[in-house]
Amino acid sequence: MRAVSVEEAVAMIPHGASIMVGGFMGVGTPERLLDEVVRQNKTDLEVISNDAAVPGKGVGKLFDATLVSRLTATHIGLNPKAQQQMLAKQVAIDLVPQGTFVERIRAGGCGLGGVLTPTGVGTLVAEGKRQIEVAGTTFLLETALRAKFALVHAFLADYLGNLTYALTARNFNPIMAMAADTVIVTAEHIVPVGVIAPDHVVTPAPLVDYLITNG
Amino acid sequence: MRAVSVEEAVAMIPHGASIMVGGFMGVGTPERLLDEVVRQNKTDLEVISNDAAVPGKGVGKLFDATLVSRLTATHIGLNPKAQQQMLAKQVAIDLVPQGTFVERIRAGGCGLGGVLTPTGVGTLVAEGKRQIEVAGTTFLLETALRAKFALVHAFLADYLGNLTYALTARNFNPIMAMAADTVIVTAEHIVPVGVIAPDHVVTPAPLVDYLITNG
Amino acid sequence: MDAQAIIARRVAQELRSGDLVNLGIGIPTLVANYVPAGLKVFFQSENGLIGTGPIPEQGMAHPLLTDAGGRPISALPGASTFDSAMSFGLIRGGHVDVTVLGGLQVDAHGHLANWMIPGKMVPGMGGAMDLVSGAKRVIVAMQHAAKGKSKIVAKCTLPLTSARPVNLVVTDMAVIAFADGTATLVETAPGVSVGEVVAVTEADLIIPNAVPEMQI
Amino acid sequence: MDAQAIIARRVAQELRSGDLVNLGIGIPTLVANYVPAGLKVFFQSENGLIGTGPIPEQGMAHPLLTDAGGRPISALPGASTFDSAMSFGLIRGGHVDVTVLGGLQVDAHGHLANWMIPGKMVPGMGGAMDLVSGAKRVIVAMQHAAKGKSKIVAKCTLPLTSARPVNLVVTDMAVIAFADGTATLVETAPGVSVGEVVAVTEADLIIPNAVPEMQI
């Protein structure tokens with residue numbers, strides 16, 4: 001793990017990069033990283049995020065600045081700009097059931113090729129996917145999902161990079177922290193080693209590549 | 001969740017039942033439940049447990065009392081009795097790679113039909129299994145694993161059934177607590193609701209069916 | 001009593017002590033208001049919480065404690081938080097005893113459509129497909145008809161949410177149970193006759209000899 | 001220096017600051033003793049711990065803090081604990097930078113056999129198959145020969161641990177690197193000649209013009 005400024009971290013992200021962004025309706029999203037992505041005007045991003053949040057918040061900021069070329073998400077209904085950009089075909093949108101979304105990312109992070117889920121069988125979601133029968137039940141084969149970068153927001157980070165999350169701001173963050181080539185983290189508080197008890201660590205330090213310095 | 005005595009809980013387990021038992025080499029194993037299984041002489045058990053521990057400890061006690069008819073595990077090398085019973089064909093043993101073992105149980109608990117793993121491709125483990133190619137890589141299809149009962153050992157349990165685990169005694173316990181029809185828990189300490197912070201709960205209360213009362 | 005209150009009150013009667021319950025957005029959210037005081041139900045918010053409590057008092061909201069719509073909520077003593085893989089492990093794995101969702105259409109087989117109107121509303125399915133596929137019991141809480149058209153149809157014309165049929169639909173006019181590919185009228189709303197329900201329902205209903213009125 | 005110390009010292013040189021490292025039972029465990037003081041390496045114990053420390057002082061062991069063999073260990077400041085799904089997510093997902101395992105045979109292609117001798121030793125593979133399939137770099141630490149027979153063979157006769165070849169084998173006689181289906185002699189142990197290594201090795205080795213001696 002290396003501690004870096006937010007400018008330095010975002011400078012590593014090329015135009016067109018695939019980025020996973022933690023958060024659920026903007027809760028638990030690394031806002032400082034997204035603000036800097038907008039400031040550095042990183043374009044054509046392939047974003048993997050649960051939702052498009054709302055304009056002005058979380059991933060919504062990337063749509064405000066029309067920086068997104070592709071979005072893999074479960075719900076965009078509360079962001080009219082994302083909807084408009086989808087309908088105008090400025091953004092390609094893959095809509096995925098939420099349980100499938102998180103399992104695909106988990107598979108990507110855990111070295112699995114995919115998982116078999118009952119979700120989506122017999123619906124539009126099944127189109128073009130392999131169906132596999134196990135013990136008489138039909139499942140969809142949903143394949144692993146990874147990105148070049150994961151932008152993660154933690155509650156506490158220690159000097160080594162061990163992370164905890166707070167309340168409903170945990171959501172996709174720890175799963176995404178396993179599924180990208182480079183993991184960049186903002187934390188509400190950076191604390192000395194030992195402040196976080198071993199049993200309370202959610203993301204172990206070796207998973208974190210860069211921690212954004214505070215204050 | 002219902003609080004019951006260890007005698008009452010074990011009385012619910014029929015002969016021949018499939019039981020998952022938490023623990024790794026006897027660390028994090030619900031010893032009181034296993035002692036009572038032995039005392040009530042529950043026979044022909046189909047045990048799902050990482051290992052056979054050692055004689056006199058953890059799952060090893062079930063082999064001492066020859067109560068096991070089938071074992072699904074990853075390693076039995078440190079229990080000579082389990083090895084003898086395997087060689088004498090008294091116990092059928094399915095040996096599974098440890099990462100596959102835990103993913104199969106997780107799949108069973110999370111409603112997945114199975115997972116695709118690279119582990120075991122090109123080895124004896126692949127025999128009789130479906131191989132599935134995703135983006136040019138071959139994976140084994142490993143199917144979900146469930147049991148009638150999960151015997152789980154926690155560190156703290158609160159009056160509702162929220163659980164935490166300590167250090168390396170966590171291992172398979174929280175995964176198994178999702179993958180059985182009936183989940184029976186022993187805890188080192190039973191504490192009032194609120195003692196465990198929401199962010200520290202590992203197994204949420206609704207997963208626990210029976211909590212064994214202490215002292 | 002208004003239509004929404006009738007539905008929410010009646011759905012609340014389906015909950016049992018110890019149940020883990022997931023409430024969708026809209027009418028389903030109101031169900032929490034009608035749970036009897038003595039009944040201990042765990043409410044899950046699929047963004048990662050079991051033990052959701054009421055909206056916090058003015059000034060007591062925390063920005064990192066919200067429902068799946070991003071609105072502030074509170075957590076009751078004994079609450080637990082977890083990541084999204086766990087949240088949907090609970091949902092898909094059958095650990096959620098009851099899920100209550102809104103609906104656009106439910107057909108005679110119990111198939112639900114509630115996530116998309118092609119060419120018009122494509123917000124994404126969020127957690128709905130997993131909830132309907134995985135919860136032990138699926139209850140749809142919705143108006144019986146919209147703009148004079150039955151929402152309980154012979155066959156869904158909108159894209160399905162799941163191939164798995166729902167268990168119960170509770171509307172402002174009736175309670176309808178689904179099993180083995182058939183729909184049975186179980187109760188009528190106060191002041192609504194069986195004839196009125198049948199007249200406004202597109203799907204064929206099995207009508208038992210006696211259809212009691214909701215006790216709400 | 002005895003054979004085990006030669007091997008463990010040489011393997012320790014392969015570790016880099018920040019690496020997440022998993023050490024198997026036997027000789028691999030000894031590697032931790034030879035990590036330079038300044039090097040910050042995370043050791044994982046696959047039963048659910050990152051940050052394993054040395055064996056605790058007399059009376060300081062905790063029964064719920066053990067290694068994968070069930071023996072008491074300690075945890076360094078900054079350690080983390082987790083369940084087995086996470087532990088093997090780390091392993092299979094390529095988050096472990098280096099795994100060091102013992103071996104029964106390694107063949108010219110780098111295929112490892114280390115979990116079973118049919119009809120004789122069937123203890124189960126434990127975590128070995130996942131470690132060899134998933135770790136970024138796989139190092140085998142073993143004696144070069146057993147009972148006068150080369151353990152580096154032309155083709156494994158014992159059941160394979162993984163179809164994925166290992167990266168490096170470190171023995172008491174040599175360091176051998178595997179790439180593209182070939183084995184290259186990289187270093188010899190102190191006082192061991194290239195000729196001696198070749199004589200005792202069943203597998204064909206590529207011998208570069210200059211083969212340096214281990215610096216340990």
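Values below: all heavy atoms of this structure, side chains included; hydrogens, waters and symmetry mates excluded. So that the names make sense, note that chain A is the first sequence line, chain B the second, and so on, each numbered from 1.
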Selection from C:V132, C:L160, C:T66 maximising heavy-atom pairs under 4.5 Å formed with chain A: C:T66
Presence of salt bridge, A:E31 and A:K61, under 4.0 angstrom: yes
Candidate pair A:T119 and C:D130, rule side chain to side chain donor-acceptor pair (under 3.5 Å), full reasoning: CA-CA 5 Å; A:T119 304; C:D130 293 287; 2.7 Å; yes
Region of A:I175 in contact with chain C, defined by heavy-atom distances below 4.5 Å: side chain
C:S45 portion near chain A, given a 4.5 angstrom heavy-atom threshold: neither
Full working for side chain to side chain donor-acceptor pair (under 3.5 Å) between A:T203 and A:Y165: CA-CA 9 Å; A:T203 298; A:Y165 305 88; 2.7 Å; yes
Pairs of heavy atoms under 4.5 Å with chain A: top-ranked of C:P159, C:G48, C:A75, C:A85: C:A85
Region of C:M116 in contact with chain A, defined by heavy-atom distances below 4.5 Å: side chain
Contact class of C:I91 relative to chain A, heavy atoms under 4.5 angstrom: neither
Polar contact flag, side-chain donor to acceptor under 3.5 angstrom, A:T182-A:D209: no
Leading residue by heavy atom contact count with chain C [cutoff under 4.5 Å; candidates A:G77, A:P97, A:P118]: A:P97
More than 12 heavy atoms of other groups within 6.0 Å of C:I55 CD1: no
Heavy-atom contact with chain C under 4.5 Å, split by part of A:V54: neither
Proximity breakdown for A:F24 and chain C, heavy-atom pairs closer than 4.5 Å: side chain
Choice from C:A128, C:G126, C:G134 maximising heavy atom contacts with chain A below 4.5 Å: C:G126
When C:L49, C:V122, C:L131 are compared by non-hydrogen pairs under 4.5 Å with chain A, the top option: C:V122
Under 4.5 Å from a heavy atom of chain A, the part of C:S133 involved: side chain
pair A:T143-A:R104: side-chain heavy atoms closer than 4.5 Å: yes
Check ion pair C:K155-C:D107 (N to O, under 4.0 angstrom): no
Pair C:L168-C:R137, side chain to side chain contact (heavy atoms under 4.5 Å, CB included): steps then yes or no: CA-CA 8 Å; C:L168 202 71; C:R137 203 144 178 269; 4.0 Å; yes
Contact winner vs chain C - A:V121, A:N171, A:I93, heavy-atom pairs under 4.5 Å: A:N171
From CD (C:Q44) to CG (C:L23), nearest 0.5 Å: 10.0 Å
Residue selection (most heavy-atom pairs with chain C, distance under 4.5 Å) from A:E103, A:H75, A:K57, A:R106: A:H75
Identified side-chain contact (heavy atoms from CB on, under 4.5 Å) counterpart of A:L151 within the set A:V185, A:I184, A:V183, A:V47: A:I184
Proximal component of A:F155, with respect to chain C [non-hydrogen, under 4.5 Å]: side chain
